[in-house]
Amino acid sequence: MKPGFSEALLGWFDRSARPLPWREAAGSGYRRDPYAVIVSELMLQQTQVATVIPYYERFMARFPDFESLAAASETEVLKYWEGLGYYRRAKNLLALAVMVVSRYQGVLPCEKKELLKLPGIGPYTAGAILSFAYDLPEPAVDGNVVRVLSRLDAIPHLQGDPKSQRAVRERVAALFPPCRAGDFSEALIELGAAVCTPSAPACQACPINRYCLAFSLSAVMDYPRRRKDLPKPASQLTYVLIREGELVYCRRRSKGLLSGLFEFFSLSGKYGKQEEGHVRPAIEAHLGAKVIKLDYVGENRAVFSHRIWEMAFWEAEVSGGAGLIPRDGPDAPQGSLLPVSVESLAGLPFPAFLAAWRDDFISRREAQ
DNA sequence: ATCCGGTGCG
DNA sequence: CGCACCGGAT
């Protein structure tokens, strides 16, 4: 690399870095608080900065350190994660806090090998912790950095490809300046997020464009190569928000997609406005209760990384169901419905596409 | 409608 | 190494 590269990047970072809540200086010898780095980096996996900011603020106010988080219930942690997606990250974060408190006396290790043993910590996040918190010259290679380096060297890396990630890690390791490792690491990511963006890079404003091979070849958009996404199979289902008096029947998904989150009663198959004649007997058969009132609410789609759900929403009022429902508490196995009071409904974690409906339902009940 | 993205498992 | 895992921005 020509001389002046890291100076140009760091100078731009000093002028332009956004003042993000997790970039506050830490006390006590760390560049940044390791706990704050973990929370923000777990949230930032697969998720945009603007989305994360309010979640981070609420989470850190409620769980300010490993100890407070380790003592929390999974349901409460998921509630603070509600709407952020990829809920396994929240469960990993809780498990990590428990391990840090029980096995490391509340102090995060500062060795890559140890960090990689913790749940939710892979090569990127380990590098981010080591460079952001401990100021060590460990590469933190995320999608931004792969893109920046792919363009800088005009190497057609394949996004998400482990071989490309490894190659970029080695390249970044060789680029570290003699000091300011943490700032350098963050600057590469910041540049990818703010300047060297995927579809509309601001090359004219880029502080390192004179070092960029793809720019000099007028071929920036050729790098990196995008992985072609697989087709997403669609499935159809029907959700029914069943109310009996001041109770709503919910269940908790125990594995796979959205596991740990709550949902309403569901049927496979999408039954729309015209198919009340199928929905009503299905509810009555499952609950052993009489449906007093049944309203079609609408339809919705949930697009996941690998599949699509096409859904119809109904609301039902029943009587005579409560005696037949096992009252197993919040960790009841998947499939068994439990009655939840309308007041406590807002405190349970639901996937985003149901949370909006739930909140609308609650405000309609309050308006009465 | 399309684009974007780390970790962990088998 | 392919696939499972979400939601918001554009």
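Lettering of chains follows the sequences in order, A, B, ..., and the numbering in each one begins at 1.
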Discussion item. Minimum heavy-atom separation for A:Trp81 and A:Ala90, please, with both atom names.
Written reply: CD2-CB, 3.4 Å
Response to the item:
Those residues at least two apart in sequence (or on a different chain) that pass side-chain contact (heavy atoms from CB on, under 4.5 Å) with A:Leu261 are A:Leu78, A:Tyr87, A:Leu258, A:Pro349, A:Pro351
Item to complete: Send over the distance from A:Met43 CE to B:dG5 P, rounded to a whole Å.
Response: 20 Å
Discussion item. Below 30° counts as parallel, above 60° as perpendicular, anything between as tilted: where do the rings of A:Phe350 and A:Phe262 land?
Written reply: tilted
Discussion item. Less than 4.5 Å apart, side chain to side chain, heavy atoms only: is that true for A:Tyr80 and A:Arg62?
Written reply: yes
Worksheet item: Where does the angle between the aromatic ring planes of A:Phe313 and A:Trp357 fall among parallel (under 30°), tilted (30 to 60°) and perpendicular (over 60°)?
Response: parallel
Worksheet, complete the sentence: note: A:Tyr87, atom OH; C:dA4, atom C1'; distance rounded to Å ~ 16 Å
Discussion item. Could you tell me how far apart A:Trp81 (CH2) and C:dG7 (C1') are, to the nearest whole angstrom?
Written reply: 13 Å
Worksheet, complete the sentence: Smallest heavy-atom separation, A:Leu188 atom then A:Val148 atom, equals O-CG2, 3.9 Å
Item to complete: Tell me which nucleotide among C:dG7, B:dC3, C:dC5 gets nearest to the side chain of A:Arg226.
Response: B:dC3
Item to complete: Answer with yes or no whether the side chains of A:Ser305 and A:Lys232 bring together a donor and an acceptor at under 3.5 Å.
Response: no
Discussion item. Using OP1 and OP2 only, check whether a side-chain N or O of A:Arg307 sits under 4.0 Å from C:dC3.
Written reply: no
Item to complete: Return the value, rounded to whole Å, for the distance between atom CE of A:Met221 and atom C1' of B:dC4.
Response: 13 Å
Worksheet item: Any sub-3.5 Å donor-acceptor pair from A:Arg280's side-chain atoms to A:Glu284's backbone N or O?
Response: no
Worksheet item: Does A:Arg166 or A:Leu258 map to a spot on DNA chain C nearer the 5' end, using the closest nucleotide for each?
Response: A:Arg166
Practice prompt. Could you tell me if the ring centre of A:Phe63 sits under 6.0 Å from that of A:Phe59?
Written response: yes
Practice prompt. Please check the phosphate of C:dA4 (OP1 and OP2 only) for any side-chain N or O of A:His306 closer than 4.0 Å.
Written response: no
Between protein and nucleic acid, restricted to nucleotides 6-10 of chain B and to nitrogen or oxygen atoms under 3.5 Å apart, what atom pairs and distances do you find?
unit_1	atom_1	unit_2	atom_2	d
B:dG6	OP2	A:Gly143	N	2.6
B:dG6	O4'	A:Gln46	NE2	2.9
B:dG6	N9	A:Gln46	NE2	2.7
B:dG6	N7	A:Gln46	NE2	3.2
B:dT7	OP1	A:Gly122	N	2.9
B:dT7	OP1	A:Gly122	O	3.4
B:dT7	OP1	A:Thr125	N	2.9
B:dT7	OP1	A:Thr125	OG1	2.5
B:dT7	OP2	A:Pro123	N	3.3
B:dT7	OP2	A:Tyr124	N	3.1
B:dT7	O2	A:Arg88	NH2	2.7
B:dG8	OP1	A:Gly120	N	2.3
B:dG8	OP1	A:Ile121	N	3.4
B:dG8	OP2	A:Ile121	O	3.3

Item to complete: To the nearest Å, give me how far apart CG (A:Leu84) and P (C:dG7) are.
Response: 9 Å
When you compare the protein's N or O atoms with those of nucleotides 8-10 of chain C, which come within less than 3.5 Å of each other, and at what distance?
none

Worksheet entry | Value in whole Å for how far the P atom of B:dC3 lies from CZ of A:Arg147 | 15 Å
